[in-house]
Amino acid sequence: MTVDRLLFLVFAFVTCGSAIGVVLAQSVVRMAFWLVLSLGSTAALFFLLHADFLGSAQLLIYVGGTVVVLVFGVMLTASGSLPALRASAPELALSLLVGGALLFLLGTTVLAIPWVQVTDRQAPSPVLQDAARWSELEAISVASESLGVPGAGGIERHELIEQAQQQQGRSVRPLGWALLGIRPDAELHAPANAPRAAGYLLPFEIISLHLLAVLLGAAYLARTKRPAPASQDQFPAVKSL
Amino acid sequence: MDQVELQDFLLVGAILFVCGIVCMATKRSAIGVLMGVELVLNGANVNLVAFSRYTSLGLDGQVMALFVIVLAAAEAAVALAIALNYYNNFDSVDVDRGHRLQG
């Protein structure tokens, strides 16, 4: 039981338990709490998977943005007396049955595939690949220093340390390059006739325009439309806009 | 085994996905359905990042997961605006009372 496995078990249990808590909670506010817990421990799982920027983005955008917006929605749509919004028993039974069947299908599929054939044959993650490459370059540099030969491969030790320090934020720099359309993580050490890796400049621009459209659309859709009360109605022609 | 394997993360993703689907199917509050959608997208993200780490998918999985996060936030905002309009029209967020929206 390594620390890695222990951390994974803790965060996986919190994630799945909170997701079940979202399903079982009765009031919407409690569902929001369990959702915050689930999304937060999913961010921890992302950190365990060496996706540090993605874990931070998950915390910022999901926990700090989306759930807050959902709680605002709960606040704005709360009527006077909240009736117990519960599905009828046959609906519950049917959806639990379908959910259980889907979970069984997904679980047996995941456990039946010999993943070791896929994971062992391929190159490790870009973060690990980078770390392996820097450590092998550093080994060459140290070996050449001890022999009194200037850095083999033209790389000085201080340059290695500088580059290693720049790599502390491991996945931010490769992600930034990829969103600009350049893929140094895939193409820098690849042979010249290898197929080019995908750049993500076009999806980045599309996403930017999409966010702009969503900002305008949501602000327009959610504007206040309540009509003025009749006693104060100075402009009877202008009702709810 | 003392290492975390790929299938452990895939099982977590599957459980999140199924919880999201059951949440979408059983909740009568529109906001509850939105929370189910967030859980589904989260389960897909866990899958993407797990494949990015353990197979040759590499950085592509993380970029896709980033786009999924951005799109989920955008969709939550628009869906909430729709839920507010629904509340203004029907005076509750009960999705079962929206049968006049059909056709």
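These numbers come from the heavy atoms of this one structure, side chains and all, not from hydrogens, waters or symmetry mates. All figures in this text were calculated on a predicted structure; none of them were measured in a lab.
Here B/Phe9 and A/Trp115 keep their ring centres 6.0 angstrom or further from each other. The six-membered or imidazole ring of B/Phe67 lies away from that of A/Phe204, with a centre-to-centre distance of 6.0 Å or more.
Nearest heavy-atom pair across A/Ala178 and B/Val63 is CB-CG2, 4.2 Å. Nearest approach of B/Val46 to A/Phe46, heavy atoms of both residues: CA-CE2, 3.9 Å. The heavy-atom pair separating A/Val22 from B/Cys23 by the smallest distance is CG1-SG, 3.8 Å. Considering all non-hydrogen atoms of both residues, B/Val12 and A/Ala12 come closest at CG2-CB, 3.7 Å. Here the closest heavy-atom approach between residue B/Ala73 and residue A/Ile61 is recorded as CB-CG2, 3.7 Å. Residue B/Val22 comes nearest to A/Gly99 through the heavy atom pair CG2-CA, 3.9 Å, listed as atom of the first residue, atom of the second, then distance.
Residue A/Leu102 touches chain B through both its backbone and its side chain, counting heavy-atom pairs closer than 4.5 Å. Contacts between B/Glu38 and chain A at a heavy-atom distance below 4.5 Å involve backbone atoms as well as side-chain atoms. Looking at A/Leu175, the atoms closer than 4.5 Å to chain B (heavy atoms on both sides) sit in the backbone and in the side chain alike. With a threshold of 4.5 angstrom between heavy atoms, A/Phe13 does not approach chain B through any atom at all.
Among A/Ala222, A/Ser38, A/Ala197, A/Ala218, the residue making the largest number of heavy-atom pairs under 4.5 Å with chain B is A/Ala218. Here A/Leu35 is the residue among A/Leu94, A/Leu6, A/Leu35, A/Thr109 with the most heavy-atom pairs under 4.5 Å with chain B. Counting heavy-atom pairs closer than 4.5 Å to chain A, the top-ranked of the candidates B/Asn45, B/Val70, B/Asp60 is B/Asp60. By number of non-hydrogen pairs under 4.5 angstrom with chain A, the leading residue of B/Leu57, B/Leu71, B/Leu41, B/Ile21 is B/Leu71. Residue with the most contacts toward chain B among A/Gly217, A/Pro203, A/Ala219: A/Pro203 (heavy-atom pairs, distance under 4.5 Å). Heavy-atom pairs under 4.5 Å with chain B were tallied for A/Leu96, A/Leu24, A/Leu106; the largest tally goes to A/Leu106.
Expressed to the nearest 0.5 Å, how far CD of B/Gln62 lies from NE2 of A/His50 amounts to 10.5 Å. With values rounded to the nearest 0.5 angstrom, A/Leu54 atom CG is found 4.5 Å from B/Ile69 atom CD1. Atom OG1 of A/Thr15 sits about 8.5 Å away from atom CG of B/Asn42, to the nearest 0.5 Å. Note that OH of A/Tyr200 and CG of B/Leu59 are 7.5 Å apart. Values are rounded to the nearest 0.5 Å. Here CG of B/Leu10 is found 9.0 Å from CG of A/Leu111. Values are rounded to the nearest 0.5 Å. Residue A/Leu221 holds its CG atom at 9.5 Å from CG of B/Leu84, rounded to the nearest 0.5 Å.
Put simply, the side chain of A/Leu9 does not reach to within 4.5 Å of the side chain of B/Asp8, judged on heavy atoms. With contacts defined as side-chain heavy-atom distances shorter than 4.5 Å, the pair A/Glu91/B/Thr26 does not qualify.
Looking only at distances, a side-chain donor or acceptor of B/Lys27 sits under 3.5 Å from a matching main-chain atom of A/Val23.
Counting heavy atoms of neighbouring residues, nucleotides and ligands inside a 6.0 Å radius, atom CZ of B/Phe51 exceeds 12 of them.
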